[in-house]
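Shown next, in structure tokens, is the structure this report addresses.
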Amino acid sequence: MKLLIPGPVTTRPEVRAALVHDFAPWDLDFHPLYAGVRARLLPIAGVGPETHACLPIQGSGHFVIEAALRTFVPREGKVLVPMTGSYAVRLTRLARECGREVLHVPMGERERVDPRAVAAALAADPAISHLAFVYSETSSGIVHDADALVGVARAHHRRVIIDAVSAFGALPLDLSAMPEVDAALFTANKCLEGIPGIAVAISPRERLVGRVGEAQSWCLDLADVHAHAERNGSGSFRFTPPAQVLNALSVALDLFAAEGGRERRLERYRANLKVFADGVRAVGLSPYLPRQLQGPIVFNVHAPDDPRWNLQSFVDRVKERGFVISNFFDTVTPSFRVGLIGALGPEDFREAVGAMDGALRELGIRNRKAA
Ligand SMILES: *Cc1c(COP(=O)(O)O)cnc(C)c1O
């Protein structure tokens, strides 16, 4: 079964095979494995261990987003969030539930964040300590201009937190040119094509010093993750590590390097996008986004305007043909959602379009166009 969802993604058999080994966390064989994973993630963000720390914690993406908010946003600080879609809503909830005030930059679902609107919001409220934004908005599929947004924060002397969960490993991110970024956040199971269970922050080392305890949560304290590594070595995990998941991530990083790194991975995802976008148009379906807004991570297709359309029935029939897509939509008007990422190539997406075409026929859908 191939997962056409934006995480967890389809993984290669070598990655899944790495789960069969048992580890004792303190075993000296595990230490270099874990230290190696941490070291190899930094250059994907354009940085090295002199300036930045790689801070993994157990859990999914939400856990590390909360950890970054707790660790870096002062309790009396305020977070500005551009309302890009449902992951901006999640970011807002995470911040509010740990007691941080959130302000929004309102915007439409089908537009890129306007850096001028962010600049105006920052200028209007000096109490905003952080700009926090979603780089690749997994609901709409739009990739926002991270360089421009970080540039606005720089001009206004504010700090930045980037939810790069569905971007990291494919879309460019050069933290060496972004000293105001307190944390770039991602997980093992999206563009890195690993197994779920580990989430990661990359943060400037100097920002972690003297911060232990600020998070008011031992589990979600990134400064404590850093302090522990400084004390016990980079291969030591604070609590029981998800060792099998880290071993799988290590294999996924081998495969990432063998593919040629981030640029090649992005090329493959762009090739997936091209085949899929051309394919859905060719079978009479309507893409949700105009071409110039469509990113290479997530693709939404308008639900056909036909009384026989039923998302779950469609999902079931596509699944019978070997592909799993989301059985919910995350857009204002009905759609279905396809992830372009994971260990899949253009040929898989050609087949996926065929599977969708077959499913629509079986459902008796006559009008495939959007309402
Ligand atoms: C997947 C994702 C997350 C994290 O989701 P989890 O289910 O907690 O892993 C956060 N932000 C974005 C943009 C995502 O795509």
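Numbering of ligands and ligand atoms starts at 1, following listing order. All residue numbers in this chain count up from 1 along the given sequence. Predicted, not measured: the structure shown is a model, and the values here were computed from it.
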CD of E180 to CG of L175: how many Å apart, nearest 0.5 Å? 10.0 Å

Among all protein heavy atoms in this structure, tell me which lies nearest to atom 11 (N) of ligand 1, with the distance rounded to 0.1 Å. D163 OD2, 2.7 Å

Considering heavy atoms of the protein only, find what lies nearest to atom 4 (C) of ligand 1 and give residue, atom and distance to 0.1 Å.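 Going by distance alone, atom 4 (C) of ligand 1 is nearest to G61 CA, 3.6 Å.
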
State whether Y87 and K190 meet the cation-pi test: NZ (Lys) or CZ (Arg) under 6.0 Å from the six-membered ring centroid, and within 45° of the perpendicular axis. yes

Aromatic ring proximity, centroids under 6.0 angstrom, [Y] and [X]:
| X | Y | result |
| --- | --- | --- |
| F336 | F329 | no |
| H144 | Y135 | no |
| F237 | W26 | no |

Between I65 and ligand 1, find which residue part has any heavy-atom pair under 4.0 Å and reply side chain, backbone, both or neither. side chain

Counting only heavy atoms, which portion of S136 has something under 4.0 Å from ligand 1: side chain, backbone, both, or neither?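 It is the backbone that touches ligand 1; the side chain stays farther off.
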
Going by the atom numbers of ligand 1, which of them fall below 4.0 Å from some non-hydrogen atom of [X]?
| X | answer |
| --- | --- |
| V134 | 13 (C) |
| T138 | 12 (C), 13 (C), 14 (C), 15 (O) |
| K190 | 1 (C), 2 (C), 3 (C), 14 (C), 15 (O) |

Ligand 1 to Y87 polar contact by distance, N or O atoms, under 3.5 Å: no

Would you mind reporting whether S166 and V298 have side-chain heavy atoms less than 4.5 Å apart?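 Of all side-chain heavy-atom pairs linking S166 with V298, none is under 4.5 Å.
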
